[in-house]
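Report on one structure; see the data block that follows.
In listed order, ligands and their atoms are each counted from 1.
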Amino acid sequence: MGSIEVIKSWQMVKAAEPDEVLPALALTRKDIPVPELKEGEALVAIAGCGVCGTDIGYFYDGIPTASRPPIILGHEISGTVVAGDPLWLGREVVVPTIIPCRRCELCQRGRANRCLRQKMPGNSYGVYGGFASHIPMPSRELCPVGDRKAVPLSHLAVAADAVATPYQAAVRAQLKSGDKVIVIGVTGGLGIFMAQWAKFLGAETVVGIGRNQAKLDSSLDYGVDFAINSSGKPSSEIRKDFFTRCRKKRIDPKYGWKIFEMTGSRQGQETALELLAYTGVLVVVGYGQDIIPYHLSKLMAFDAEIRGTWGCLPEHYPYIVDRILSGDIRISSLVETRPMSAIAETFKQIKLGGGSPAKRIILVPDF
Ligand SMILES: [Zn+2]
Ligand SMILES: [Zn+2]
């Protein structure tokens with residue numbers, strides 16, 4: 001292969017002419033030089049990059065990226081190493097969403113996913129991100145892909161975030177065989193994988209909560225035992241529905257539930273707090289900007305916990321990718337690929353669509 005001199009990319013830049021949907025930013029085609037690769041670095045030719053709700057948040061909702069625009073968004077990446085580290089040359093990889101420093105105390109104590117000096121492609125990794133032809137990466141963090149049989153490499157991009165983040169959430173919750181689980185936002189891009197992990201890790205009961213009835217119905221094929229439509233309902237009413245459904249199935253609704261809040265929405269967070277009860281664990285996976293009042297002493301009375309979870313440890317990725325390749329975690333019917341040149345209309349469509357799209361959209365470079 002000849003040497004690669006430029007990275008072709010779609011960059012988020014300050015807009016010259018703001019329109020009604022995009023107030024301040026625009027997506028534009030730009031070439032940038034391939035940086036000089038140091039020892040231990042690899043250049044990954046991107047096979048696919050998933051569009052995450054976080055990208056839509058950066059682009060439309062004023063959530064700032066740590067590296068200021070111009071920046072290439074995109075953090076859900078799979079590809080092939082085409083230059084740099086000879087040990088990795090030619091290998092297919094999934095790129096973790098987090099690049100820890102590997103030197104600090106948090107890194108050394110097994111909390112590298114929350115390393116304070118971490119870099120994230122498409123956020124805090126200089127200009128570099130996934131909506132591009134290539135990305136330079138420290139090879140030590142890359143996850144090798146084994147025999148992927150009929151699974152397209154581009155599809156494995158979802159492993160990086162949509163599948164990995166729920167796995168880390170399950171680890172945070174110490175999810176184990178026999179657990180009772182509630183997934184709030186099971187209809188979202190990450191929620192359906194949260195449900196799959198819960199079932200795969202041995203949860204006895206998985207309850208899915210969401211607003212899209214068609215997606216709730218299909219969630220029953222992905223590990224959800226029963227689903228509750230929360231559309232237009234206050235959290236107190238969702239709780240009532242939950243109690244009724246549990247009692248019908250002779251499951252106690254009041255204790256031992258592990259609740260995963262995936263949406264970051266006010267309604268989702270209020271529902272999570274409403275359902276948190278005796279010996280329960282609430283894991284906050286979704287990000288939102290609402291402030292929800294809560295009677296904190298309930299945690300004492302309930303002997304319950306609230307935990308946050310951030311990204312996923314790169315160490316978990318080989319296991320995660322193997323579970324996908326073995327079919328334990330199903331992705332093929334949950335992803336859709338599009339050419340990367342459709343990035344602007346795809347962003348707009350997701351924004352205008354309100355909720356998450358029918359399938360996780362993966363953009364495939366077509367420069
Ligand atoms: Zn994401
Ligand atoms: Zn660190």
Side-chain angles (χ1 to χ4, degrees), residues 12 40 46 48-61 63-67 71-78 94-125 128-132 135 137-138 140-141 143 155-169 185 187-194 197 260-265 268 283-289 308-317 320 331 334-336 343 346-347 350-351 355-357 359-363:
M12 181 174 80
I46 292 169
C49 180
V51 181
C52 179
T54 310
D55 298 314
I56 304 303
Y58 292 142
F59 195 65
Y60 288 108
D61 305 331
I63 297 171
T65 47
S67 304
I71 180 176
I72 306 167
L73 296 179
H75 52 267
E76 199 173 72
I77 304 165
S78 59
V94 170
V95 176
T97 57
I98 286 168
I99 310 167
C101 83
R102 297 293 177 196
R103 286 194 292 269
C104 73
E105 204 173 332
L106 285 168
C107 280
Q108 273 148 28
R109 294 189 176 192
R111 301 296 291 268
N113 61 307
R114 197 44 285 186
C115 164
L116 303 185
R117 280 185 262 161
Q118 66 183 230
K119 305 267 187 233
M120 300 175 70
N123 174 26
S124 58
Y125 192 39
Y128 303 112
F131 300 128
I135 187 167
M137 279 291 297
R140 64 164 195 265
E141 304 299 345
C143 168
H155 288 192
L156 288 176
V158 286
D161 185 7
V163 184
T165 302
Y167 178 76
Q168 180 78 40
T187 49
L190 273 66
I192 194 67
F193 295 109
M194 191 73 247
W197 279 120
F260 296 90
E261 206 302 296
M262 315 300 292
T263 71
S265 69
V283 180
V284 181
V285 192
Y287 179 80
Q289 286 174 316
T309 183
W310 179 261
C312 182
L313 270 178
E315 289 87 322
H316 293 320
Y317 277 69
I320 291 164
I331 62 167
L334 298 170
V335 299
E336 173 196 333
I343 185 169
T346 298
F347 272 40
I350 294 174
K351 177 63 180 169
S356 49
K359 294 178 177 188
R360 189 79 164 178
I361 296 166
I362 297 168
L363 298 178

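Residues Y58 and P64 approach most closely at CE2-O, 3.8 Å, considering heavy atoms. Between M194 and A169, the shortest heavy-atom contact is SD-CB, 4.0 Å. When all heavy atoms are compared, the tightest approach of F131 to I72 is O-CG2, 3.4 Å. Listed here is the closest heavy atom pair of G129 and I77: C-CD1, 4.3 Å. Taking every heavy atom of both residues into account, G130 and C49 meet most closely at O-CB, 3.3 Å.
Using a 4.5 Å heavy-atom cutoff, the side chains of M120 and I98 are in contact. Residues L190 and D161 are in side-chain contact: their nearest non-hydrogen atoms beyond the backbone lie under 4.5 Å apart. Residues R114 and P100 are not in side-chain contact: their nearest non-hydrogen atoms beyond the backbone lie 4.5 Å or more apart. Looking at heavy atoms from C-beta onward, L116 lies out of side-chain contact with C104 at the 4.5 angstrom threshold.
Closer than 2.8 Å to the Zn ion (ligand 1) sit the protein N, O or S atoms C52 SG, H75 NE2, D161 OD2. Less than 2.8 Å away from the Zn ion (ligand 2), the protein contributes these N/O/S atoms: C101 SG, C104 SG, C107 SG, C115 SG.
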